[in-house]
Amino acid sequence: MKKIFPKLLILMLAASNSFAQKTVAEQEVIQLSKQKWEWMADKNVNKLTPLFDDKAVFVHMGGSWGKTQEINVIKSGGIHYKKADIHEVSVNIMDNTAILLNKITLLAVVGGNEVTNPFIVTEVYIKRDNDWKLGSLSFTKLITPGQ
């Protein structure tokens, strides 16, 4: 029994590690999402424009719109996504579609006012011609104690 227990423990730890590891596609999408937040903070519309699908939709607390308006809002500073602190991330891939959930605290400037909000952000990516394109970005504000 003394010889079996350590081997069993090692086997169980190895099995639990394999479940926690991400696939290559999941890692690609997670990395792309992180880059997207950096590009948004930097107002780098040259990187964002090819990432956003032409039919992409963006859902914010104040409304929803398409790719052109989102690019214009970022470029003009109407919304400046200064910093997204990512607390949790998960991704599910189904065929050529990836749904990524980020739990974040977003520091942004909206209409000239600096605001910080906790969000769950849903990002939908579609793989087309070996490239991931953002098809949807939706912000859901989290209710915090005292609200």
Side-chain angles (χ1 to χ4, degrees), residues 8-147:
L8 184 60
L9 183 61
I10 290 170
L11 182 63
M12 288 172 47
L13 288 173
S16 69
N17 255 355
S18 67
F19 287 117
Q21 292 182 359
K22 305 275 188 224
T23 67
V24 171
E26 289 169 335
Q27 290 173 9
E28 285 176 357
V29 172
I30 291 168
Q31 183 58 37
L32 185 58
S33 175
K34 286 179 185 177
Q35 287 178 317
K36 172 203 40 69
W37 289 117
E38 292 170 13
W39 296 336
M40 290 171 85
D42 295 340
K43 300 181 188 178
N44 190 339
V45 295
N46 293 329
K47 295 278 188 175
L48 293 169
T49 299
L51 173 63
F52 297 167
D53 189 86
D54 289 340
K55 295 181 181 179
V57 293
F58 300 84
V59 181
H60 296 272
M61 289 176 13
S64 62
W65 48 76
K67 174 182 178 174
T68 301
Q69 187 169 351
E70 183 72 9
I71 292 294
N72 288 337
V73 163
I74 292 168
K75 189 187 304 187
S76 71
I79 300 174
H80 179 197
Y81 302 91
K82 290 179 81 170
K83 187 170 194 295
D85 287 323
I86 300 169
H87 307 294
E88 295 174 23
V89 63
S90 68
V91 64
N92 290 307
I93 297 182
M94 297 157 279
D95 297 324
N96 66 336
T97 303
I99 300 174
L100 181 135
L101 299 176
N102 276 320
K103 184 175 182 183
I104 69 169
T105 303
L106 180 65
L107 172 62
V109 177
V110 182
N113 299 310
E114 189 171 89
V115 293
T116 301
N117 286 298
F119 290 108
I120 294 285
V121 181
T122 305
E123 301 174 35
V124 179
Y125 292 89
I126 301 98
K127 192 158 198 177
R128 201 175 292 129
D129 299 325
N130 291 322
D131 287 325
W132 290 104
K133 298 286 186 176
L134 182 73
S136 178
L137 179 74
S138 299
F139 292 86
T140 303
K141 187 174 180 201
L142 296 173
I143 296 179
T144 57
Q147 287 186 326

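Contacts of S138 classified as side-chain hydrogen bond (donor to acceptor under 3.5 Å, both in side chains), with partners at least two apart in sequence or in another chain: none. For D54, the side-chain hydrogen bond (donor to acceptor under 3.5 Å, both in side chains) partners are K67, not counting sequence neighbours. Applying the side-chain hydrogen bond (donor to acceptor under 3.5 Å, both in side chains) rule to N102 yields the partners S33, E123; only residues at least two apart in sequence or on another chain are considered. Legend: residues meeting salt bridge (Lys or Arg N to Asp or Glu O under 4.0 Å) with K82, ordered by chain and number and at least two apart, are E114. Applying the side chain to side chain contact (heavy atoms under 4.5 Å, CB included) rule to V91 yields the partners E26, V29, I30, I93, A98, L100; only residues at least two apart in sequence or on another chain are considered. Not counting sequence neighbours, the partners of D85 by the salt bridge (Lys or Arg N to Asp or Glu O under 4.0 Å) test are K83. Not counting sequence neighbours, Y81 has no partner by the ring-ring contact (aromatic ring centres under 6.0 Å, His included) test. Not counting sequence neighbours, the partners of N96 by the side chain to side chain contact (heavy atoms under 4.5 Å, CB included) test are I126, K127. With sequence neighbours left out, E88 forms a side chain to side chain contact (heavy atoms under 4.5 Å, CB included) with K103. Residues satisfying the side chain to side chain contact (heavy atoms under 4.5 Å, CB included) test with Q27, not counting sequence neighbours, are K22. K75 meets the side-chain hydrogen bond (donor to acceptor under 3.5 Å, both in side chains) test with no other residue; sequence neighbours excluded.
Minimum interatomic distance between I86 and K34 (heavy atoms only, all atoms of both residues): CD1-CG, 4.1 Å. Nearest heavy-atom pair, A84 versus I104, reported as atom, atom and distance to 0.1 Å: CB-CD1, 4.2 Å. Nearest heavy-atom pair, L48 versus I74, reported as atom, atom and distance to 0.1 Å: CD1-CD1, 3.8 Å. Looking at every heavy atom in both residues, W132 comes nearest to L51 through O-CD1, 3.7 Å.
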Could you go through residues 37-44 and list every donor-acceptor pair under 3.5 Å that involves a side-chain atom there, pairing it with any protein atom two or more places apart or in another chain?
residue: N44; atom: OD1; partner: N46; partner atom: N; Å: 3.3
residue: N44; atom: OD1; partner: K47; partner atom: N; Å: 3.1

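Residues K133 and K55 are not in side-chain contact: their nearest non-hydrogen atoms beyond the backbone lie 4.5 Å or more apart. Taking 4.5 Å as the limit, some side-chain heavy atom of Y125 sits within range of a side-chain heavy atom of K36.
Among the candidates T122, V121, V124, V59, the single residue satisfying the side chain to side chain contact (heavy atoms under 4.5 Å, CB included) test with L137 is V121.
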* To do: Could you please spell out the steps behind the side chain to side chain contact (heavy atoms under 4.5 Å, CB included) verdict for N117 and F139?
  => CA-CA 10 Å; N117 286 298; F139 292 86; over 6 Å; no

* Asked: Stepwise, does the side chain to side chain contact (heavy atoms under 4.5 Å, CB included) test hold for F119 with M61?
  -> CA-CA 10 Å; F119 290 108; M61 289 176 13; 3.5 Å; yes

